[in-house]
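Naming: A, B, ... by sequence-line order, numbering from 1 per chain.
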There are 2 protein chains.
Amino acid sequence: MTIKQLRAFVAVAQTLSFAQAGERLYMSQPALSLSIKALEDGLGGRLFSRTTRTVNLTPEGHALFPLARRLVAEWDNVEDNLRQHFTLRRGRVSIAAMPSFAGNRLPSMLMHFRERYPAIGITVHDVINEQVVEMVRNRQVELGITFEPASDLSMKFKLLYLDRFVAVVPRDSPLIECTKVCWEDLQTYPFITLQRPSAVRVMLEESLSIGGQKLNVAMESHQLATIGRMVGSGLGVSVVPSLCIQQMHELGAHCIPLANPVIERPIGMLTKADHELSVAAQALADILEQLSV
Amino acid sequence: MTIKQLRAFVAVAQTLSFAQAGERLYMSQPALSLSIKALEDGLGGRLFSRTTRTVNLTPEGHALFPLARRLVAEWDNVEDNLRQHFTLRRGRVSIAAMPSFAGNRLPSMLMHFRERYPAIGITVHDVINEQVVEMVRNRQVELGITFEPASDLSMKFKLLYLDRFVAVVPRDSPLIECTKVCWEDLQTYPFITLQRPSAVRVMLEESLSIGGQKLNVAMESHQLATIGRMVGSGLGVSVVPSLCIQQMHELGAHCIPLANPVIERPIGMLTKADHELSVAAQALADILEQLSV
DNA sequence: CACACTTACGATATTCGTAAGGATT
DNA sequence: AATCCTTACGAATATCGTAAGTGTG
């Protein structure tokens with residue numbers, strides 16, 4: 001029994017005519033006749049009782065008809081569904097991104113993606129850097145956007161760009177005139193930064209300790225938006241990835257390049273090394289990469 | 001997409017090895033490789049991510065796997081089920097038979113059928129002659145057993161044998177010595193027979209009226225068993241199809257050939273002319289015919 | 001006699017197995 | 001070096017369309 005034979009059976013059963021069914025199936029009537037004969041032989045009995053003049057279902061054919069119709073319909077569904085996934089007319093892609101990225105660059109990138117593939121659903125997990133790595137590892141998401149993690153053979157990291165940290169100061173700060181600032185310039189102001197599990201905080205401390213410097217934290221938050229608004233209100237200064245520059249401006253703070261130490265971190269896409277991306281995820285990855293050049 | 005390809009896909013997805021799957025499918029590994037390739041090309045994307053050393057499902061392949069398994073399973077079910085019907089290892093046949101037949105000859109015939117085809121279910125409708133014809137006409141049953149009905153092009157009648165009516169008398173009747181009796185012999189006793197819608201009653205009246213004779217009914221019943229017991233108790237005499245001889249004996253009555261008038265009626269199988277029998281019904285018809293020779 | 005299904009037959013396509021090639025552990 | 005998948009190619013098989021055959025209304 002082949003799918004072709006089953007389609008032929010359904011067509012003949014519906015039209016009760018080999019000639020008409022042949023037309024519908026785009027095949028000659030003798031070929032159709034042979035096909036039905038092969039089906040009957042394969043099953044071990046007749047499905048149609050036919051004189052040269054009239055065609056009718058046998059009781060067994062009658063029993064097969066609804067089953068055959070269902071099988072063919074399900075078959076077509078599965079096939080069509082899969083084809084739509086491959087042609088990006090259906091699907092869903094889950095990604096995780098650290099908040100600084102998810103809240104700044106990502107939305108406009110997703111706009112591009114959605115414009116191009118409006119039928120693909122997107123699930124974004126806005127979680128801290130470490131959780132991004134975990135979610136990729138656990139395959140909760142296909143794609144993660146993070147700072148480059150410690151090298152791990154089970155993960156693949158694709159650089160999108162280098163992010164250089166910048167200082168954030170109030171609009172009325174004297175530092176506002178500088179084209180760049182050093183850590184010493186900032187130390188005279190209360191320092192506001194993210195709470196501990198945050199990668200930004202950790203990377204900041206690491207970079208400073210290399211230069212023998214120390215972080216004196218006056219205030220902490222775990223929301224970038226809060227930090228921005230605190231700095232904007234004149235409560236103190238901060239250092240954030242350049243990703244956040246626009247957000248900081250919108251929150252009323254001002255950003256200045258940080259010259260010493262230069263804190264530069266690769267940001268990119270993280271995937272499981274041993275698992276291929278879905279076509280949808282690959283399409284998203286392609287767009288993210290393309291928009292990061 | 002063909003059923004063969006889908007089976008190949010399932011096998012490879014389960015073993016994650018073209019070599020092993022090839023063995024299971026009884027085909028060479030290169031042929032399997034080509035088959036999967038053809039499937040992937042047809043669907044428009046990869047289902048397996050494979051290096052020369054390891055095979056893995058792509059996300060799309062992963063999505064297809066349960067669907068493919070279900071499709072293949074349903075396919076096999078339908079195919080197997082139909083094959084079993086054709087080989088008489090599954091099925092049901094519905095027949096209708098007039099009470100005189102259903103209660104006498106039929107049971108032993110069904111025993112033969114059941115012995116030969118124990119998996120075929122049988123539904124017997126024990127109804128009066130006219131209803132048998134109706135049930136065949138309405139396709140409530142595939143097969144009917146009746147006296148030959150008025151010829152009707154939409155029905156097919158296959159003679160099983162001729163039934164000759166016999167007289168039924170009490171064991172202590174003086175008639176018991178006769179090798180045959182005439183209507184006149186019976187008329188001296190109270191006559192017991194079936195009620196009006198019954199074909200036996202109608203045919204009896206018809207036959208008598210041809211010879212200018214008349215039926216004086218002393219008692220009526222609509223059960224043959226009741227008649228038998230009434231006659232057996234000495235309440236009167238009756239005339240029944242020879243079908244019922246054994247039953248009458250068991251009920252304590254005695255049967256004697258009826259010589260004048262001779263009432264002879266063809267009994268046979270009735271089917272719809274334009275509808276083929278199921279293999280199960282045909283098998284039953286064959287056995288009924290064979291046992292009637 | 002015309003129509004509709006079946007059979008016959010030659011051509012085309014598809015499928016398969018063997019052999020050779022390439023990549024990974 | 002061994003193993004496993006892919007590509008190449010020739011052979012076997014299957015499928016299809018045209019043409020001829022057959023039975024029915």
Side-chain angles (χ1 to χ4, degrees), chain A residues 1-58 60-61 72 79 153-154 156 272-276, chain B residues 1-43 45-58 60-61 72 79 152-154 156 272-276:
Chain A
M1 201 162 87
T2 70
I3 184 68
K4 226 176 208 172
Q5 288 171 343
L6 214 60
R7 286 187 203 282
F9 168 77
V10 170
V12 175
Q14 284 175 335
T15 60
L16 293 181
S17 152
F18 280 64
Q20 278 179 255
E23 279 182 32
R24 188 200 289 189
L25 298 165
Y26 302 106
M27 70 194 312
S28 73
Q29 186 234 39
L32 177 56
S33 185
L34 274 268
S35 187
I36 295 292
K37 184 175 160 52
L39 177 60
E40 289 178 326
D41 289 350
L43 291 172
R46 310 234 98 185
L47 298 169
F48 296 106
S49 70
R50 38 205 194 272
T51 67
T52 56
R53 214 51 186 179
T54 117
V55 176
N56 247 305
L57 284 163
T58 61
E60 288 78 17
V72 170
E79 197 169 343
L153 284 176
S154 77
K156 224 163 42 183
K272 281 219 95 177
D274 50 353
H275 282 283
E276 219 164 82
Chain B
M1 199 162 88
T2 71
I3 185 67
K4 227 176 209 171
Q5 288 172 343
L6 215 60
R7 285 187 204 282
F9 167 77
V10 170
V12 175
Q14 285 175 335
T15 60
L16 293 182
S17 152
F18 280 63
Q20 278 179 256
E23 279 182 34
R24 187 200 291 187
L25 298 165
Y26 302 106
M27 70 193 312
S28 73
Q29 185 232 42
L32 178 56
S33 185
L34 274 267
S35 187
I36 295 291
K37 186 175 158 54
L39 177 60
E40 289 178 326
D41 289 350
L43 291 172
R46 310 235 99 185
L47 297 170
F48 296 105
S49 70
R50 38 206 195 273
T51 67
T52 56
R53 214 55 187 175
T54 121
V55 176
N56 248 305
L57 284 163
T58 61
E60 290 76 18
V72 170
E79 198 169 342
D152 176 344
L153 284 177
S154 78
K156 225 164 38 184
K272 282 220 93 178
D274 50 352
H275 282 284
E276 219 165 81

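- Across the protein-nucleic acid pair, D41(A) atom CG and dT7(C) atom P stand 10 Å apart, rounded to whole Å.
- Of the side-chain N and O atoms in S33(A), one or more sit less than 4.0 angstrom from OP1 or OP2 of dT6(C).
- Distance, E23(B) CD to dC4(D) P: 10 Å, rounded to whole Å.
- In the set dC16(D), dT6(C), dC16(C), the nucleotide with an atom closest to the side chain of M27(B) is dC16(C).
- Each of L32(A) and T52(A) has a nearest nucleotide on DNA chain D; the 5'-most of these lies closest to L32(A).
- You'll find that the side chain of A31(B) is closest to dG17(C), out of dT6(C), dT15(C), dG17(C).
- In this structure, the side chain of R50(A) engages the main chain of F48(A) through a donor-acceptor pair within 3.5 Å.
- Both P30(A) and V55(B) sit near DNA chain D, but only V55(B) has its closest nucleotide nearer the 5' end.
- In this structure, S17(A) reaches the sugar-phosphate backbone alone: every heavy-atom distance under 4.0 Å involves primed, P, OP1 or OP2 atoms, never a base.
- Counting to the nearest Å, the P atom of dG23(D) and the CZ atom of F18(A) are 17 Å from each other.
- For S35(A) (side chain) and A31(A) (main-chain N/O), no donor-acceptor pair under 3.5 Å exists by modelled atom type.
- Listed pair K4(A) / dA14(D) fails the phosphate criterion, with no side-chain N or O lying under 4.0 Å from OP1 or OP2.
- Using a distance-only test at 3.5 Å, with no hydrogens or angles considered, no donor-acceptor pair links the side chain of E23(A) to the main chain of Q20(A).
- At dT6(D), one or more side-chain N or O atoms of R50(B) fall inside 4.0 Å of OP1 or OP2 (strictly under the cut-off).
- Taking atom CZ of residue R53(B) and atom P of nucleotide dT25(C), one finds them 8 Å apart after rounding to whole Å.
- Rounded to whole Å, atom P of dC9(C) lies 13 Å from atom CG of L34(A).
- Separating the CG atom of L25(B) from the C1' atom of dT15(C) is a distance of 14 Å, rounded to the nearest angstrom.
- Atom CG in L39(A) sits about 13 Å away from atom P in dT6(C), given to the nearest Å.
- One can place CZ of F48(B) at 15 Å from C1' of dC4(D), the figure rounded to the nearest angstrom.
- Side-chain N or O atoms of S33(A) include none that pairs as donor or acceptor with a backbone N or O of Q29(A) at under 3.5 Å.
- Dashed line: the shortest gap from a side-chain N or O of K37(B) to OP1 or OP2 of dC5(D) is not under 4.0 Å.
- Note on E276(B) versus K156(B): no salt bridge recorded, every NZ/NE/NH1/NH2 to OD/OE distance being 4.0 Å or above.
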